Number of protein chains: 2
Amino acid sequence: MANEVQSLDEIDQAILEALAGNARISLKELAQQVGLSSPSAAERLRRLEERGVVKAFTIDLDPAAVGYPLQAIVRVRPLPGQLHMVERIIQDIPEIVECDKVTGEDCFIARLVVRSMAELDGLLDKVAERAETNTAMIKASPVKRRLPPLSRRK
Amino acid sequence: MANEVQSLDEIDQAILEALAGNARISLKELAQQVGLSSPSAAERLRRLEERGVVKAFTIDLDPAAVGYPLQAIVRVRPLPGQLHMVERIIQDIPEIVECDKVTGEDCFIARLVVRSMAELDGLLDKVAERAETNTAMIKASPVKRRLPPLSRRK
DNA sequence: CAGATTTCCCTCATATTATTAGGCGATATC
DNA sequence: GATATCGCCTAATAATATGAGGGAAATCTG
């Protein structure tokens with residue numbers, strides 16, 4: 001897709017920041033905040049989506065509020081020859097809510113939400129024969145997901 | 001806040017899944033998808049927000065499209081006595097777009113977006129005297145952020 | 001350079017959606 | 001049983017979104 005670096009002007013940036021703060025903002029309000037008319041703001045937004053800058057509008061869900069009081073970050077190192085199988089297993093465990101493939105010894109870093117340590121054990125058992133894992137429980141989140149700086153791009 | 005486990009019925013679940021797929025869905029469409037009238041769907045949504053189940057509506061931004069072709073996951077181990085200072089520094093580096101405090105040797109796991117390896121070096125230098133770091137570059141994302149299972153909660 | 005084209009913006013009319021008001025049925029409580 | 005609460009509905013009203021048409025500035029072309 002459009003992964004090329006796109007030129008964002010100040011209005012684009014203001015749009016992104018407004019949306020990051022409330023993705024359900026009305027077009028009217030968005031237009032006001034960025035200093036355009038509603039149809040122009042709508043067109044700008046459409047273009048940001050079309051260009052793949054905005055990949056999706058989504059929600060920030062509180063795992064604890066839906067029954068998952070514990071979160072863990074698990075590093076996964078597949079045993080020789082098991083890389084693809086491990087990746088498949090990771091994708092098929094729905095409690096794994098995010099996973100990146102990374103350089104280094106650990107091939108995957110996954111974020112899990114679980115109801116209990118026992119459940120965590122159960123999930124890790126699913127890859128136990130095919131990978132080594134290293135688990136860290138999340139205690140707090142000093143930086144919640146936020147936008148990076150959008151200006152000063154070259 | 002309302003971090004207590006809340007009862008989600010099937011309609012709540014359907015609402016959350018619809019919103020996770022498109023947070024800007026119209027109330028009319030949302031109501032249709034979950035089988036309620038628009039005012040009822042709106043009230044349900046309001047309650048999910050009020051209860052803190054939905055913490056925010058936000059966007060999924062493509063870092064590469066805004067100038068950040070590289071992403072890294074950095075584990076940070078503060079040196080003795082430096083924990084709070086390191087946390088402050090992490091919060092103050094805007095390219096760190098997410099950071100969790102975790103159990104274990106590494107105290108923080110941070111997600112960074114950068115334009116280049118040189119920039120990554122520069123950022124890591126900011127904590128170099130106060131912490132040890134271990135960096136892994138993200139190669140792919142086999143599981144993009146998704147909702148956990150919302151049913152079968154006890 | 002002049003003219004044509006493109007891009008981005010606007011206003012206004014029309015269409016669509018959101019909100020509000022009022023009411024109903026089911027369930028819980030006294 | 002009577003009353004209150006909750007969650008749902010429809011319809012009216014208010015607000016917003018979209019489409020149509022047009023203008024100004026920038027860019028392109030001969």
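Everything quoted here is computed from the prediction, not taken from an experiment. Numbers restart at 1 for each chain; the letters A, B, ... are given by sequence-line order, proteins then strands.
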Visitor: Calculate the interatomic distance between Leu45(A) atom CG and dT16(D) atom C1'; express it in whole Å.
Guide: 15 Å
Visitor: Could you pull out all donor-acceptor pairs under 3.5 Å where a side-chain atom in residues 15-26 of chain A meets a protein atom, sequence neighbours excluded?
Guide:
| residue | atom | partner | partner atom | Å |
| --- | --- | --- | --- | --- |
| Asn22(A) | OD1 | Arg24(A) | N | 2.9 |
| Arg24(A) | NH1 | Ala23(B) | O | 2.9 |
| Arg24(A) | NH1 | Ile25(B) | O | 2.7 |
| Arg24(A) | NH2 | Ile25(B) | O | 3.3 |
| Ser26(A) | OG | Glu29(A) | N | 3.0 |

Visitor: Go through residues 14-22 of chain B and report each residue with a non-hydrogen atom lying under 4.0 Å from DNA chain C, sorted by number.
Guide: none
Visitor: Any chance the side chains of Asp100(B) and Ser141(A) put a donor and an acceptor closer than 3.5 Å?
Guide: yes
Visitor: Run the side-chain contact (heavy atoms from CB on, under 4.5 Å) test on Lys55(A) and Leu61(B) for me, step by step, so that the C-alpha distance in whole Å, both residues' side-chain angles and the decisive distance to 0.1 Å come before the verdict.
Guide: CA-CA 6 Å; Lys55(A) 291 197 303 190; Leu61(B) 182 81; over 6 Å; no
Visitor: For the side chain of Tyr68(A) and the backbone of Pro149(B), is there at least one donor-acceptor N/O pair under 3.5 Å apart?
Guide: yes
Visitor: Expressed as a whole number of angstroms, how long is the span from Ile11(A):CD1 to dC8(C):C1'?
Guide: 9 Å
Visitor: Within the supplied structure, the quantity of interest is the number of heavy atoms (other residues, nucleotides, ligands) at a distance under 6.0 Å from Glu105(B) CD; does it exceed 12?
Guide: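 No, not enclosed.
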Visitor: Check salt bridge (Lys or Arg N to Asp or Glu O under 4.0 Å) between Asp9(B) and all other residues, then give those that pass, not counting sequence neighbours.
Guide: Arg44(B)
Visitor: A side-chain contact here means heavy atoms from C-beta on lying under 4.5 Å apart; do Asn134(A) and Val76(A) qualify?
Guide: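 Not in contact.
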Visitor: Taking salt bridge (Lys or Arg N to Asp or Glu O under 4.0 Å) as the definition, give me every residue that meets it alongside Glu49(B), ordered by chain and number, with sequence neighbours left out.
Guide: none
Visitor: Could you tell me which residues satisfy salt bridge (Lys or Arg N to Asp or Glu O under 4.0 Å) with Glu10(B), sequence neighbours excluded, listed by chain and number?
Guide: none
Visitor: Please list each protein N or O that sits under 3.5 Å from an N or O in nucleotides 20-26 of chain D, with the distance.
Guide:
none

Visitor: Please state how far atom CD in Glu43(B) lies from atom P in dG23(C), giving the value in whole angstrom units.
Guide: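 Going from CD in Glu43(B) over to P in dG23(C) covers 19 Å.
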Visitor: Looking only at side-chain N and O atoms, does Arg44(B) come under 4.0 Å of OP1 or OP2 in dC8(D)?
Guide: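 Yes, such a contact exists.
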Visitor: For Arg146(B), give me all partners under salt bridge (Lys or Arg N to Asp or Glu O under 4.0 Å), at least two apart in sequence or on another chain.
Guide: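 Partners of Arg146(B) by the salt bridge (Lys or Arg N to Asp or Glu O under 4.0 Å) criterion come out as none, since no residue qualifies.
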Visitor: Could you tell me whether the phosphate oxygens of dC10(C), OP1 or OP2, come under 4.0 Å of any side-chain nitrogen or oxygen in Ser40(A)?
Guide: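 The answer is yes; a side-chain N or O of Ser40(A) sits under 4.0 Å from OP1 or OP2.
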Visitor: Which residue pairs pass the salt bridge (charged side-chain N to carboxylate O under 4.0 Å, His left out) test with at least one member in residues 65-75 of chain A, sequence neighbours excluded?
Guide: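 Pairs touching residues 65-75 of chain A that pass the test: Arg75(A)-Asp106(A), Arg75(A)-Asp106(B).
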Visitor: To the nearest angstrom, how far is Arg46(B) atom CZ from dT19(C) atom P?
Guide: 12 Å
Visitor: Would you mind writing out the side-chain donor-acceptor pairs for residues 81-92 of chain A within the sub-3.5 Å range, not counting sequence neighbours?
Guide:
| residue | atom | partner | partner atom | Å |
| --- | --- | --- | --- | --- |
| Gln82(A) | OE1 | Arg130(A) | NH1 | 2.9 |
| Gln91(A) | NE2 | Pro142(B) | O | 3.0 |

Visitor: Per the end-axis method with five pairs at each terminus, what is the bend angle of the helix from dC1(C)-dG30(D) to dC30(C)-dG1(D), to 10°?
Guide: 30°
Visitor: Think Arg47(A) has a side-chain N or O under 4.0 angstrom from the OP1 or OP2 of dT7(C)?
Guide: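 Checking dT7(C) against Arg47(A), no side-chain N or O comes under 4.0 Å of OP1 or OP2.
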Visitor: Could you write out each protein N or O paired with an N or O of nucleotides 15-18 of chain C at a distance under 3.5 Å?
Guide:
| residue | atom | partner | partner atom | Å |
| --- | --- | --- | --- | --- |
| dT17(C) | OP2 | Lys28(B) | NZ | 3.3 |
| dA18(C) | OP1 | Leu27(B) | N | 2.7 |
| dA18(C) | OP2 | Leu27(B) | N | 3.2 |
| dA18(C) | OP2 | Lys28(B) | N | 2.7 |

Visitor: Hey, what else clusters with Leu79(A) if you join Ile, Leu, Val, Met, Phe, Trp, Tyr whenever side-chain heavy atoms sit under 4.5 Å?
Guide: none
